[in-house]
There are 2 protein chains.
Amino acid sequence: MPGDTKARIQEVARELFVRQGVQNTSLRQISERLGITKPALYYHFASREDLVRSILQPLVDDLERFVDTRPPGEARAGEARALLEDCFELMWRHREVTTMIVRELSLLGTLDLGERVFAWQRRMIALLLGPDPTPELQIRATVALGGMSDCTVEYAHLPVAQVKRAAVEAAAAALALP
Amino acid sequence: MPGDTKARIQEVARELFVRQGVQNTSLRQISERLGITKPALYYHFASREDLVRSILQPLVDDLERFVDTRPPGEARAGEARALLEDCFELMWRHREVTTMIVRELSLLGTLDLGERVFAWQRRMIALLLGPDPTPELQIRATVALGGMSDCTVEYAHLPVAQVKRAAVEAAAAALALP
DNA sequence: GTCTATACCTAGATAGAC
DNA sequence: GTCTATCTAGGTATAGAC
């Protein structure tokens, strides 16, 4: 099927990025693996950055949609836990990209996605704990959210249900949720 | 003082690595900042990898010493919390290097430090929870330890005491410590 | 211990034919 | 949409003078 070369490039690139890191993957490797030449990539993507960004973007978009579609203000008792569960599932669904980001956090900066993810984190914390949380609560939220994302990376080989239950449990406890 | 050029190189390199990431820092930048030439660096370090490793090593050594100097077996009640506190302080003391690693986790792999850090984590979990913890407990420990290291990076501008108290509190809760 | 000079490679990227 | 050919910039690293 002609026309899906772009998708195939992203597929191969994502696989290599996850396996050996983004910084350690060259366009040459990607094109060789596809059986095409390097310049051919440039027909589909304006630059290497563009290719990488196109792979990370869906996760960032989904994260933003996630907080956009919830009513603002602090979650009621019991709702916060559901929020953590849904958030975990989102990160798990995108776990290949989550892995890329966790292993090379600095990517967000070089791709100008850092600000967006940072803003997302603030809004997420506001949903969990209300606006203007104390530094103490922000720190607890960082443990909770950072911990959950680490788990989607480190325990990607275990069954979802098991990881989800334990990770959400730990995150909720870190937040001192009831 | 002649003879401390090596230390000055490490100092400048560490600063640049923290500010703009390891991968985005070239030997040219380091040598220019020092007012020496690129080849001069090669008198002090066999390679770029060697330089980077020499900067990360002290943290890894300290982590290993940390678990080496504690009696094996599960910590008693109350001891686990002290263990988390000491661990936090260690990461905070090395927080420049901790930052480098958290932002570019994949460095550990390329420098052959990944195995050592992974083994450290297993031993640390054994100290906290006893040998052969269930997957559930391992996941909780990942949230706790990963969360604490994230905090040393993200809240490096706040007073130690405040970050330490909140981060250890959250980590202990994630572990379901009494 | 530090310099000049340079070799060598690989990367990302472009021009233009087909 | 993909190719060949090529450019340029930057990287790591070495040889040999001082």
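So you know, we letter chains A, B, ... as the sequences are listed, proteins then strands, and number each from 1.
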*Going by the salt bridge (charged side-chain N to carboxylate O under 4.0 Å, His left out) test, name the single residue among B:Arg95, B:Lys164, B:Arg165 that passes it with B:Glu89.*
B:Lys164

*Give the rounded distance in Å between these two atoms: CG of B:Leu41 and C1' of C:dC3.*
12 Å

*Just wondering, do A:Leu128 and A:Leu84 contact through their side chains at under 4.5 Å, heavy atoms?*
yes

*Which whole-number value in Å describes the distance from A:Ile36 CD1 to D:dT4 P?*
12 Å

*How long is the line joining CG of A:Asp4 and P of D:dG1, in whole Å?*
10 Å

*What's the CZ-P distance between B:Arg8 and C:dG1, to the nearest Å?*
13 Å

*Would you indicate, yes or no, if D:dT4 has its OP1 or OP2 atom less than 4.0 angstrom from a side-chain nitrogen or oxygen of A:Thr37?*
no

*Checking B:Arg48 against B:Phe45: charged group under 6.0 Å from the ring centre and within 45 degrees of the axis?*
no

_According to ring-ring contact (aromatic ring centres under 6.0 Å, His included), does anything in residues 84-125 of chain A pair up with another residue at least two apart or in another chain? List the pairs._
A:Phe88-A:Trp92

*Quick one: A:Glu32 CD to D:dC3 P, roughly how many Å, whole number?*
12 Å

_Distance check needed: C:dC3 C1' versus B:His44 NE2, whole Å only._
12 Å

_Are A:Val60 and A:Ile125 linked, directly or through intermediate hydrophobic residues, by side-chain heavy-atom contacts shorter than 4.5 Å (ILVMFWY only)?_
yes

_Pairs satisfying salt bridge (charged side-chain N to carboxylate O under 4.0 Å, His left out), at least one member in residues 139-156 of chain B, at least two apart_ = none

Look for any protein N or O under 3.5 Å of an N or O in nucleotides 9-13 of chain C and output each such pair with its distance, or none.
| from | atom 1 | to | atom 2 | distance (Å) |
| --- | --- | --- | --- | --- |
| C:dA11 | OP1 | A:Ser26 | OG | 3.2 |
| C:dA11 | OP1 | A:Arg28 | NH2 | 3.3 |
| C:dA11 | OP2 | A:Arg28 | NE | 3.1 |
| C:dG12 | OP1 | A:Arg48 | NH1 | 3.0 |
| C:dG12 | OP2 | A:Leu27 | N | 3.0 |
| C:dG12 | N7 | A:Lys38 | NZ | 2.9 |
| C:dA13 | OP2 | A:Tyr42 | OH | 2.6 |
| C:dA13 | OP2 | A:Arg48 | N | 2.9 |
| C:dA13 | O5' | A:Tyr42 | OH | 3.2 |

*Spacing between B:Leu34 atom CG and C:dC3 atom P, to the nearest angstrom*: 10 Å

*For atom CG of B:Asn24 and atom P of D:dG11, their distance in whole Å*: 11 Å

